[in-house]
Number of protein chains: 2
Amino acid sequence: MNVSQGTTPRSRRERPAKAPLTREGIIDVALGILRSEGLRKVTLRRIAAELDTGPASLYVYIRNAEDLHGQLIDAFLEPVVASAEASVDRPSVDWRSRIKALLDEYRRALYRQPELARIALTTQLSGPNYLMVVDAVLGALAAGGVPDRESAWAVDMLLLHATAEVVEHAEHQDDEGVGGGAAQSLSVLTSQIEAVDGAKYPHIARLGPDLLSGNGTQRNHWAVEALLNGVLATPRPE
Amino acid sequence: MNVSQGTTPRSRRERPAKAPLTREGIIDVALGILRSEGLRKVTLRRIAAELDTGPASLYVYIRNAEDLHGQLIDAFLEPVVASAEASVDRPSVDWRSRIKALLDEYRRALYRQPELARIALTTQLSGPNYLMVVDAVLGALAAGGVPDRESAWAVDMLLLHATAEVVEHAEHQDDEGVGGGAAQSLSVLTSQIEAVDGAKYPHIARLGPDLLSGNGTQRNHWAVEALLNGVLATPRPE
DNA sequence: ACCTGAACACCGTTCAAGT
DNA sequence: ACCTGAACACCGTTCAAGT
């Protein structure tokens, strides 16, 4: 039961405070809203309301809204770390497969909340889970015989590529029309490319719809493979 | 002179309409605000005010705010196209150098307005200038002997990497403290990495500050080199 | 068809005042 | 030191009503 029809005006003490007013409590509430309603609803006003206070109170614990959003990413990276730790126990697995699995898991985690991927790109990540992912990738690169000098720059490329891919290909939340959105935009894109002026854009016209071929996983596995081959073949200057 | 102290209330017809109420006029005004005050100020309300009307009027010509923001990118890509066309006239230049120059120019254009880079990542670009950049990269890849099948996927990787790099490394506009922001955050990062727990993150600890070595151009040229080597060495599956 | 005033339903952040 | 009410200065979008 517990259905309350008609809002009591100004009922300030309906429930006990869900969480204490601490940094952790604030992040907890933010994660709850994020999981149930998406990042767009994770606003300072909303969090404050959930904690039965005003938005001004949060500024004792957080610097600003972006600071808070950045904190949320690390929590979403937990499953990636879990799978990374599992893979360390099985070092027999090919190092390339290990990196691919790691990055697949990383992308999967971000796809769960693609708005976070955009934030991951702009804010400097330094949470424990993110560091663990970086460390795991470095470990696999070392196992594959990639020298440290090149690994140092390669890990950035690999994670940057994975993050950007999510940002680019995530469903730009439609709020409506759940099915077919991606498929439709693909067909729109295909006809756009087929209609391209061959005189102005000869190479696009020549390749045509093959520019859009393959699914996400296929393209990504090829991309990672190419990235690794390139890293192995390209010494860092001087 | 022309100093008007004290605002006349409701002075609706102070100046003649700056631009006609058309899609082009709207984009023109938006570009003006973008160049002089940054993307954050390019709001529908602000544009409408500049056109002496209300924000509701804009919805006859644009679908929504994101639609408008997407339109602005192509204008910023104009210098890239100019340099691309110049390089086509000098096909003697090494194809790798041509791609590097193209991507340098592309990144430079986005760095002028890094907020646009973020939008470039999320919205499906199909403006004439963007298509021209894609075509130029494809042309250079073909000149380098990269097979069409691989070029089709490689062009995406190259531009995705370039765009993401801008999003990641752009000064997160401080609104204050113009100088030293990047340098300071680098030193903060360096000390963070030096303080990392070697037991938990052995690989990060081993590489240490070398993870952050090199400047943007050095890292980017190496990244493009590695990307190209990888693309040349990695056939697309089946 | 095009345009608009006004409203709706919100934002993040600051600050003086309280405890 | 911590917390708050209230204000400041905004947003994008919708819609009934006008022309």
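Reckoned from all heavy atoms, side chains included, excluding hydrogens, waters and symmetry mates.
Distances shorter than 4.0 Å separate some side-chain N or O of B/T53 from OP1 or OP2 on C/dT4.
Considering A/N64, A/L58, A/I26 in turn, A/L58 is the only one that fulfils the side-chain contact (heavy atoms from CB on, under 4.5 Å) rule with A/L44.
D/dA9 and C/dA9: their P atoms are spaced 24 Å apart (whole Å). Taking atom P in both D/dC3 and D/dA7, one finds a spacing of 23 Å when rounded to whole Å. Comparing C/dC10 with C/dA6, their C1' atoms are spaced 16 Å from each other, to the whole Å.
Stems are defined here as 3 or more consecutive Watson-Crick or G-U wobble pairs with pairing distances under 3.5 Å; those involving DNA chain D are C:4-8 with D:12-16, C:12-16 with D:4-8.
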Can you build the contact string for nucleotides 10-17 of chain C? Use B for base contact, S for sugar-phosphate-only contact, and - for no protein heavy atom under 4.0 Å.
-BBBBB--

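Taking a cutoff of 4.0 Å between a charged side-chain nitrogen and a carboxylate oxygen, A/R23 and A/D67 qualify as a salt bridge.
In this pair, B/W153 and A/W222 present their aromatic rings perpendicular. The plane angle is above 60°, beyond the 30 to 60° band.
Between A/F76 and A/L34 there is a side-chain heavy-atom pair separated by less than 4.5 Å.
Atom CG of B/L21 is separated from atom C1' of C/dC2 by 9 Å (rounded to the nearest Å). The distance from atom CD1 of B/I47 to atom C1' of C/dC3 is 17 Å, rounded to the nearest whole Å. Summarising the geometry, the separation between CG on A/L58 and P on D/dG5 is reported as 12 Å, rounded to the nearest angstrom.
Between the side chains of B/D210 and B/S213, at least one donor N or O lies within less than 3.5 Å of an accepting N or O. No side-chain N or O of B/H161 forms a donor-acceptor pair with one of B/E165 less than 3.5 Å apart.
Checked by atom type and distance alone, the side chain of B/T122 pairs as donor or acceptor with a backbone atom of B/R118 at under 3.5 Å. Formation of a donor-acceptor pair under 3.5 Å by the A/N129 side chain with backbone atoms of A/L77 is not found in this model.
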